[in-house]
Amino acid sequence: MPELPEVEVTRRGIAEPLRGAKVVTLRLGKPLRWPLGQRPDALVGSIIGGVGRRGKYLWLSLLGGRAPGGLLLHLGMSGSLALTEQAPAPGPHDHFDLVTDRGTLRLTDPRRFGAVVWSPALDAAPASRLLAGLGPEPFDDALTAESFHAALHRRRAPIKAVLLGGEAVVGAGNIYACEALHTAGIHPATRADRISRPRAARLLDAVRTTLARALELGGSTLRDFRDAHGIDGAYQAEAQVYGRAGLPCGRCGATVRRVVQGQRATYFCPGCQKR
DNA sequence: AGTTAAACCTGGTTGC
DNA sequence: TGCAACCAGGTTTAAC
């Protein structure tokens, strides 16, 4: 679920209230994808310096205390974060609580593909090898049609798989990769290195407008996602192809198709997205 | 090196 | 109604 818009919506919901908050307690539930990598009580007393984002990861910097550094969080497929003044007793899917003097940040994640990993780094960038291979942020000015085209040119895989890979640009997951390709009129099976410079420019533009629109609508809620205040996203109602197999394309009326690429469902319109 | 499959885990939906 | 099979927003790791 959580692709860049959902993660950024979450970040915006917690950044202001948590800046400067003091850590009171940490509570761990069932194991997540990786162990925390630090004793929970070593983080008690530290101050949250800020909340950043890199791709689909969140970064909470922790200043002072016995273990300065930060927490790298990932929401996996089914994770969401809630910030409440006083959290109710943890349910069966609540696997991490960061209790602060300004409220409790709780990770709820039924499938437990999410992660909370402590790192001694002061900044997100070198915090973890998890961030090492990530491509450019979609709204970074340094990402241009030229550089994007060059990145696509290095890959022979289908463009849909390349978008999910996050080397050319991070942030688009299954929903937004499908939607952006539809907007750009590019067939998902097109080899990335065969995409012309003008079409690469069009695709980058589509990725940006798709992510920006989803951000405006609070992301997509298919099932589990809620923002930090418990609010559903609304983008899913605007999806043109994702999850719409057998239904007519809103633009041309052709029947949306579902195929499988690299173990992931891909939705596209055979009318708008010719090979 | 580069692509593809398997793995992680739970729960909702679909079909027999 | 019961139960097996399939599906889901992601990403690492192992295997060709």
Side-chain angles (χ1 to χ4, degrees), chain A residues 1-11 29-35 37 53-58 72-81 90-96 107-117 127-135 151-181 188-193 207 210-211 213-215 217-227 232-239 241-246 258-267:
Chain A
M1 153 253 136
E3 305 182 28
L4 184 145
E6 291 76 24
V7 176
E8 177 61 17
V9 163
T10 299
R11 191 196 68 79
K30 285 174 145 181
L32 294 163
R33 176 148 196 180
W34 293 293
R53 180 191 56 74
R54 177 73 175 96
K56 300 170 189 171
Y57 291 88
L58 288 175
L72 197 60
L73 287 83
H74 196 285
L75 300 180
M77 288 276 264
S78 58
S80 61
L81 287 168
H93 301 309
D94 298 330
H95 303 301
F96 177 82
L107 173 66
T108 302
D109 184 6
R111 293 178 72 181
R112 293 192 278 129
F113 290 168
V116 182
V117 178
S128 170
R129 56 181 197 148
L130 297 172
L131 302 181
L134 297 187
L152 296 188
H153 198 71
R154 285 180 227 120
R155 307 283 271 101
R156 316 177 126 199
I159 183 60
K160 163 74 181 334
V162 170
L163 283 179
L164 288 186
E167 298 160 45
V169 60
V170 297
N174 214 21
I175 299 176
Y176 303 121
C178 289
E179 294 299 314
L181 285 168
T190 308
R191 270 175 54 163
D193 63 351
V207 168
T210 301
L211 295 178
R213 178 61 179 156
L215 212 39
L217 293 179
S220 298
T221 296
L222 299 189
R223 168 163 299 144
D224 302 296
F225 179 71
R226 305 278 125 69
D227 74 9
D232 285 16
Y235 183 88
Q236 68 281 358
E238 278 194 13
V241 290
Y242 185 85
R244 296 180 49 83
R258 177 189 185 276
V259 296
V260 174
Q261 293 180 291
Q263 321 178 86
R264 308 296 302 279
T266 294
Y267 298 88

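- Among the protein residues, A:Arg258 comes within range of the sugar-phosphate backbone only, with heavy atoms under 4.0 Å from sugar or phosphate atoms but none that close to a base.
- Using a 4.0 Å heavy-atom cutoff across all strands shown, A:Ala265 reaches sugar-phosphate atoms only and no base atom.
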What pairs of nitrogen or oxygen atoms, one from the protein and one from nucleotides 11-16 of chain B, lie under 3.5 Å apart?
residue: B:dG11; atom: OP1; partner: A:His93; partner atom: NE2; Å: 3.0

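- Here A:Tyr267 reaches the OP1 or OP2 of C:dA8: one of its side-chain N or O atoms lies under 4.0 Å away.
- Comparing B:dC8, B:dT10, C:dA8 by their closest approach to the side chain of A:Met77 singles out C:dA8.
- The OH atom of A:Tyr57 sits 4.5 Å away from the CG atom of A:Leu130 when rounded to the nearest 0.5 Å.
- Here A:Asp193 does not pair with A:Arg154 in a salt bridge; the nearest charged N to carboxylate O distance is not below 4.0 Å.
- Counting non-hydrogen atoms under 4.0 angstrom, A:Gly173 reaches the backbone sugars and phosphates but no base.
- As judged by a 4.0 angstrom heavy-atom cut-off over every strand, A:Tyr242 is placed among residues touching the sugar-phosphate backbone only.
- Consecutive Watson-Crick or G-U pairing (both distances under 3.5 Å) extending over three or more pairs maps onto DNA chain B as B:2-8 with C:10-16, B:10-16 with C:2-8.
- Taking atom P on both nucleotides, C:dA14 is separated from B:dC9 by 16 Å, rounded to a whole Å.
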I'd like a list of close polar pairs between nucleotides 11-13 of chain C and the protein, N/O only, cut-off under 3.5 Å.
residue: C:dT11; atom: OP1; partner: A:His74; partner atom: NE2; Å: 2.7
residue: C:dT11; atom: OP2; partner: A:Lys56; partner atom: NZ; Å: 3.0
residue: C:dT11; atom: O2; partner: A:Arg33; partner atom: NH1; Å: 3.2
residue: C:dT11; atom: O2; partner: A:Arg33; partner atom: NH2; Å: 3.1
residue: C:dT12; atom: O4'; partner: A:Arg33; partner atom: NH2; Å: 2.7
residue: C:dT13; atom: OP1; partner: A:Arg129; partner atom: NH2; Å: 3.1

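- Applying the 6.0 Å contact sphere to CZ of A:Arg191 captures more than 12 heavy atoms from other residues, nucleotides or ligands.
- Taking atom NZ on A:Lys160 and atom P on B:dT3, their separation rounds to 16 Å, with Å as the unit.
- To the nearest angstrom, C1' of B:dT10 lies 9 Å from NE2 of A:His95.
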